[in-house]
Amino acid sequence: MADLVQEEQKVLGIDEEGQNKGTESEGNNNNNNNNKRTHLEGQGEKDMQGNPIHRSSSRPQLDVSKAEIQSNVEDKYPTILLPNQSDDLSHLALDIGGSLIKLVYFSRHEGQSDDDKRKKSLKERLGLSNGNRRSFPILGGRLHFVKFETRKINECLDFIHSKQLHRGLESRYSDAAANENAIIKATGGGAYKYTDLFKERLGVGLDKEDEMNCLVAGANFLLKAIRHEAFTHMEGKKEFVQIDHNDLFPYLLVNVGSGVSMIKVDGDGKFERVSGTNVGGGTYWGLGRLLTKCKSFDELLELSQKGDNRTIDMLVGDIYGGLDYSKIGLSASTIASSFGKTISEKKELENYRPEDISLSLLRMISYNIGQIAYLNALRFRLKRIFFGGFFIRGHAYTMDTLSFAVQYWSNGEAQAMFLRHEGFLGALGAFMSYEEHGLDDLMVHQLVERFPMGAPYTGGKIHGPPLGDLNEKISWMEKFLQKGTEITAPVPTTPVAGTTGLGGFEVPLSKGSALRSDASALNVGVLHLVPTLEVFPLLADPKLYEPNTIDLADPSELEYWLTILSEHLPDLVDKAVASEGGTDDAKRRGDAFARAFSAHLARLMEEPSAYGKLGLANLLEMREECLREFQFVDAYRSIKQRENEASLAVLPDLFVELDSMDEETRLLTLIEGVLAANIFDWGSRACVDLYHKGTIIEIYRMSRNKMRRPWRVDDFDVFKERMLGSGGKKKAPHRRALLFVDNSGADIVLGMLPLARELLRRGTEVVLVANSLPALNDVTAMELPDIVAEAAKHCDILRRAAEAGGLLVDAMINTDSSKENSSSVPLMVVENGCGSPCIDLRQVSSELAAAAKDADLIILEGMGRSLHTNLYAEFKCDALKLAMVKNQRLAEKLIQGNIYDCICKYQPSS
Ligand SMILES: CC(C)(COP(=O)(O)O)[C@@H](O)C(=O)NCCC(=O)O
Ligand SMILES: [Mn+2]
């Protein structure tokens, strides 16, 4: 296959037009639902200008038209869908501290689309029952994390009001009209201090929740529900840690606020404050302010970054004439006495640099806290210490100092850890105290964190109200062109020529400069709660499963892939804009998308762990999500259509050719066909270049002709033996095969469908597993029934199987068919629950999980699903991984081969 590169030159004639045709702009249908909100009336309540608001009831106004119970009859607590409910119902909780107000709010977005109905009826027909799946009190939604400075509390109130977050919080059980009963759960001192203000401005009361309770509830939720929430921080290096939920308790939670609380946590709601110290964040800030004249805590912290504490602290070396005190294990650089050097010198405060003072103070307080924390861990035999509280603030030096202290005093036995959402522990805990949200039951696989534009500026930093609707986002991105570096955010710093696309990403000016003192701060995304997601049941051991093959913690890998994604951008933007009819609105959105995605790339370049532990799969998904955020629904739709049509036109010939072969030759030809057709990949730079040089069919033929065995990874013979038997001995066919399909066009039509047909012919049920949402040119579960229906016109096997599987009903060809009256094993389609070129099998759709129950063969196809992710995954059943490697670096790294080499990796169930 390697000489395909030379072969490219010979192929002529394709152009990549088409993506502009047949598509219409869907316009910029902003979802600014706030405007649609029903008018509420009430007595005595005031709006933001102080005018009375009239409300008809204390409850949120729901549009219950077409309400439907969504569950099986046997479900005890059925969920009720309100398809016409126009806006989110929200829960809001607050942690009002001395310097920051933290908000956690929940928004619900769910409706039953036609596709949901299709899936439901398909599942019923195929008997894919919900099994023992529970029903959920929440339908799914999003948890948002936002911060405001307490001194700007009015901004916070405006934000709550503009998003109407205080509505829908009234008791859901009572019809009482009195809005005075409306409450928001709140913790922190400000919950007491600002009660009247909230009542006056928003007409709601603050229901105070105990701070300690909230901290623990928040920490427990995060540690159990969020993957890689915790991280260690040593010598400037973050490492995310996966904590086993069954081995979480007990732990020590050290909350470093103004003072310090040390809490031994033994379980949910089970904790005890075992110690504390009055020397904490308030001490640092108070002393620091007096000694340095700094105006803010952040300013003081920033100063410390440029400090040298040796001018202030007395070191062991100062006492021992530059030598270590090795007898008791103290090096010359160990601090013997914080601020000790100042006694012997005849200097006044003005003679010391504020930077050095700040650093000495920081080290003094952090070491002290670290040491007391360690002693308490020792006292109760706790091996993990989690630090949180406003003093930490993701500040690298503080974390390093605390870690060093714990490591030093415990001789490496205990470990200091930090939490990505540490600033939100209290608010989250207050949120958890609402009883009816059902959040405490959520599990890791039901949560997906996403980083929309706006999240970096709300969750991670204080920037006032986040960007709400699309138009706001676009104009905000446009402002960067004018404002450039003035805005403290991870954005490209220079305007880019051309209408669409950015040529590359630019890293904001250096770390530690005035521009960004928070370079190492972590972003907190929006948590999507998807109760229907499940762990793929056929994973051999979910605990050992790691989807990503490439480790982006390796800086050279990260740089390579960020650069690749950046280079792809202009082309992707062109496709996206064309897919929306090339209108001015689409161009504007395209530009904004390019800037937004470049900003993410730049942020990652600057701080690789800014978004937590990311693999290549996450990066590729982030690109798709970013497109969706700017309302590019399906950038490759016309390319997909065109390639489907071209491939379907030659499919009958392929069937004839295959049917003339003996079983063995046919199986080989089929696998060759899958590998060859995987070349149609619009996500690969090399392949896209190739498409300029030939028609779809020419490229497919050429690729087929080059499919000489042995492939770079070639387990075909073992697979063949399982399929066809050996030495005259036949083997029972597989019961059910799950085929994880990849691209549209030749890949699905000339590759995977013929393979599915062969399995069906042998009596194996086939489930085609496709994306729930578009990603590059991948075929989606929505698109598949039509493609199958078209293919079935030329093939009885497919037709009968598709009828048996209910697919032709979906494609509206034969509405009378059912499983019972067909003699064939069924061909089915299920969605996989994702919208990315890769697949993380820890989070798949419930349909797929249900379909997997009876499966004894899985076939993963394509680079995204079987190379970038899952190459090393092990399964409980037979697994075949098929892909063409369409990237030179990856080929060299993973299979010591070349671009266009193929893998056919077969792993029989053990
Ligand atoms: C995005 C992809 C994983 C899609 O591959 P597929 O799963 O369709 O085989 C792949 O095209 C890819 O890794 N592209 C980026 C690298 C490159 O342009 O070479
Ligand atoms: Mn693909």
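Order of listing sets the numbers, starting from 1, for every ligand and every atom in it.
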Chemist: For atom 11 (O) of ligand 1, which candidate among Asn678, Leu620, Asp689, Asp681 provides the closest heavy atom?
Modeler: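 The option holding the nearest heavy atom is Asp681.
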Chemist: Could you identify the single nearest non-hydrogen protein atom to atom 17 (C) of ligand 1 and state the distance to 0.1 Å?
Modeler: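 I find the closest protein heavy atom is Asn887 ND2, 3.5 Å.
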Chemist: State which residue, out of His600, Glu607, Glu606, fulfils the side-chain hydrogen bond (donor to acceptor under 3.5 Å, both in side chains) condition with Arg603.
Modeler: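 The option that passes is Glu606.
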Chemist: Distance to 0.1 Å, residue and atom name: give those for the protein heavy atom nearest to atom 15 (C) of ligand 1.
Modeler: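 Looking at atom 15 (C) of ligand 1, the protein heavy atom closest to it is Gly683 O, 3.3 Å.
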Chemist: Identify, by atom number and element, the atoms of ligand 1 in contact range of Asn743, meaning under 4.0 Å from any of its heavy atoms.
Modeler: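 So the answer, numbered in order with elements, is 8 (O).
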Chemist: Find, among atoms of Asp778 that are N, O or S, the one nearest to the Mn ion (ligand 2), and state its name.
Modeler: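 Output for this pair reads OD1.
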Chemist: Within the structure, is a non-hydrogen atom of His568 found at a distance of less than 4.0 Å from ligand 1?
Modeler: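 Under 4.0 Å: yes for His568.
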Chemist: Does atom CZ (Arg701) have a neighbourhood of more than 12 heavy atoms from anything else shown, all under 6.0 Å?
Modeler: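 Result for CZ/Arg701: open.
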Chemist: Among protein heavy atoms, which sits nearest to atom 6 (P) of ligand 1, and what does the distance come to when rounded to 0.1 Å?
Modeler: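 Checked against all protein heavy atoms, atom 6 (P) of ligand 1 sits closest to Asp742 OD2, 3.0 Å.
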Chemist: Which bit of His868 is near ligand 1, meaning a heavy atom under 4.0 Å away: side chain, backbone, both or neither?
Modeler: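 Within the 4.0 Å criterion, His868 contacts ligand 1 through side-chain atoms alone.
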Chemist: When you compare the side chains of Gln907 and Lys881, does any donor N or O come within less than 3.5 Å of an acceptor on the partner?
Modeler: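 On atom types as modelled, these side chains qualify, holding a pair under 3.5 Å.
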Chemist: Within the structure, is a non-hydrogen atom of Trp682 found at a distance of less than 4.0 Å from ligand 1?
Modeler: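 Flag not set, Trp682 not near ligand 1.
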